[in-house]
Amino acid sequence: EVPLKYGAQYTGKRTDEAMNKWRGNRFGQFIHWGLYAIPGGVWNGKTYNYAAEFLKSSAKIPTSTWDSLMYQFNPVKFNARQWAKMAKQMGARYMTITTKHHEGFCLWPSQYTDFNIGNTPYKKDILKELVEAYNAEGIDVNFYYSVLDWHHPDWRYDIKSPEDSVAFRRFLQFASGQLRELATNYPTVKAFWFDGTWDNSIKKNGWWTLEVEQMLKKIRPGAVVNSRLRADDFGKRHIDSNGKLMGDYESGYERRLPNPVKDVQVTRWDWEACMTVPENQWGYHKDWSVSHVKSPLELLEMLVHTTSMGGNFLLNFGPAGDGSIRAEEQHIARTIGAWMQQNGQVIYDCDYAGWEKQDWGYFTKPRTGNIVNMVVFNIPVNGLLKVKVPAGTKISKATLAGKNVKVEEIAKDQFFIHLPQQAYKMPPVIVLEAVGGAKTNAQYQEAKT
Ligand SMILES: Cc1ccc([C@@H]2N[C@@H](C)[C@@H](O)[C@H]2O)cc1
């Protein structure tokens, strides 16, 4: 091991109550909302297919021109309570909001810059409205914060001169001040999602990333911080030079998921995947016809896939500049929500079962009890769902919607679960009662007592 001052502060999963809640939430709503939602990927009549929140760079728009969008930000259709109700109905247990994206515009009245919601026609503190509305629905709120800031004159991509060092030190003080006011003024915030930390300027200031993590946890005990904030003494990010995860959970899965067979190592720590509905649009884009738009079922499978590997799934919504939620996103919320209404118990507080992945779908395991859930996305022609269990495990019962289904032992530690033949519009869930075998912790617990 190399001695590190700014490396991982602990190893293994946090087991305090705040982290258990973060982990058990499992399903979150990401919201990307800022000035980029006003042009929505179109500039001077030209549509730019790249991510809409990058339009400033795609269309090479001067900062002064871009920043003047602030005087147009007046979301007359914005209704925080409606957004929160939609998220509740979808089954989201947490919401992560872009307090400030790379453009540098702040959704809260920051004392550290005039480039904020207070100087728009809307004037009011949108962040406060969202936190209150979502908390009122019992949904935890987390803050996304981009360190990269295209607006701030002291931002630097790299440190190449003494002037850069002086300017960037000022910038880091600015960012620390903004984070302090976010953690202080919105006391129910539960976690911080850092982005815009890949440049050399940050890699060369790993000390600051640890200082920020410690400051946030001092102001908000229990706060959860993602690995993407962190750089160690040598500029190594996410995982330090000794191979230890920094921050409280791994946040490298963006628009992709770990492979359920090859990437099982992700289960050793907490992690979260964030996902766009189109192929690559986080902010509102006027024209979604330019790429594949994922269906509710594709996204639901990703949620179950993520839970089955012990991770959280953060599904992105990009509200329009007027504060409306587009029809495709409302349809997704309703369709996933209907399934979550019936089957949320196979997602919330569930984890990796440790059983061998099969083709028909995914296993999830509740934190307590000797239950293993089967969520079936690929209905086999013969209706037989193969299950391989840890040595010595017996399946005492299998039910679908409370009704027994046949369990057939076909070899040592192998079973067929007979899936009732019918047309399934949404993935059916089979609940197994499994006893014995090393992997079912509950049985292990019984042995201990
Ligand atoms: C190359 C690249 C930079 C930043 C991003 C940002 N991270 C996502 C979570 C979004 O905020 C996207 O704008 C994506 C790709």
Side-chain angles (χ1 to χ4, degrees), residues 27-41 43 48-61 66 69 92 94-107 127 130 141-152 155-158 175 178-179 182 191-203 209 224-231 237-238 247 249-258 271-286 288 290-291 293-294 299 302 306 311-321 329:
F27 184 27
Q29 179 193 34
F30 213 166
I31 297 179
H32 274 73
W33 203 31
L35 301 182
Y36 43 77
I38 297 171
W43 197 260
Y48 292 79
N49 295 348
Y50 192 61
E53 71 279 3
F54 275 88
L55 180 64
K56 180 177 182 288
S57 48
S58 309
K60 298 183 179 44
I61 300 164
W66 184 266
L69 284 168
Y94 68 103
M95 183 274 277
T96 301
I97 174 73
T98 50
T99 60
K100 183 186 86 169
H101 203 258
H102 310 331
E103 64 183 4
F105 174 69
C106 303
L107 284 183
L127 190 60
L130 284 169
V141 174
N142 303 338
F143 289 163
Y144 165 110
Y145 180 86
S146 172
V147 180
L148 165 61
D149 186 320
W150 296 330
H151 171 83
H152 199 288
W155 165 260
R156 293 291 183 280
Y157 289 96
D158 199 354
Q178 288 205 314
L179 289 162
L182 284 171
F192 291 84
W193 206 106
F194 285 91
D195 203 6
T197 52
W198 48 79
D199 290 299
N200 282 339
S201 52
I202 302 290
K203 288 184 191 172
T209 73
V224 176
V225 174
N226 68 335
S227 60
R228 196 176 291 202
L229 163 65
R230 302 279 280 100
R237 297 183 58 235
H238 292 275
Y249 68 94
E250 198 279 322
S251 63
Y253 285 100
E254 182 172 314
R255 296 193 301 117
R256 65 191 177 95
L257 296 183
W271 62 280
E272 179 194 66
C274 57
M275 191 57 65
T276 51
V277 176
E279 200 274 326
N280 183 14
Q281 296 294 339
W282 297 92
Y284 177 81
H285 195 292
K286 284 175 179 160
W288 270 15
V290 295
S291 85
V293 175
K294 299 177 193 76
L299 295 163
M302 291 181 180
T306 302
N312 283 8
F313 187 67
L314 186 59
L315 174 57
N316 185 69
F317 284 62
E329 292 176 347

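One-based numbering, in listed order, for ligands and for the atoms of each. On a predicted model such as this, the values are computed, not experimentally measured, just so you know.
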Exercise. For Asn49, check side chain to side chain donor-acceptor pair (under 3.5 Å) against everything at least two apart and list the hits.
Key: none
Quiz prompt | With Tyr36 via ring-ring contact (aromatic ring centres under 6.0 Å, His included) - residues at least two apart | solution = His101
Quiz item: For His238, what residues pass the ring-ring contact (aromatic ring centres under 6.0 Å, His included) criterion, not counting sequence neighbours?
Solution: none
Practice problem: Side-chain contact test, heavy atoms from C-beta onward, threshold under 4.5 Å: evaluate it for Cys106 versus Gln178 and give yes or no. | Solution: yes
What are the distances between nitrogen or oxygen atoms of ligand 1 and protein nitrogen or oxygen atoms, counting only those under 3.5 Å?
from, atom 1, to, atom 2, distance (Å)
ligand 1, 7 (N), Asp195, OD2, 2.8
ligand 1, 7 (N), Glu254, OE2, 3.2
ligand 1, 11 (O), His32, NE2, 2.7
ligand 1, 11 (O), His101, NE2, 2.8
ligand 1, 11 (O), Tyr144, OH, 3.4
ligand 1, 11 (O), Asp195, OD2, 3.4
ligand 1, 13 (O), Glu53, OE2, 2.8
ligand 1, 13 (O), His101, NE2, 3.1

Practice problem: Can you spot which of His102, Glu53, Glu103 makes a side chain to side chain donor-acceptor pair (under 3.5 Å) with Ser146? | Solution: His102
Quiz item: Between Thr98 and His32, is any side-chain donor less than 3.5 angstrom from a side-chain acceptor?
Solution: no
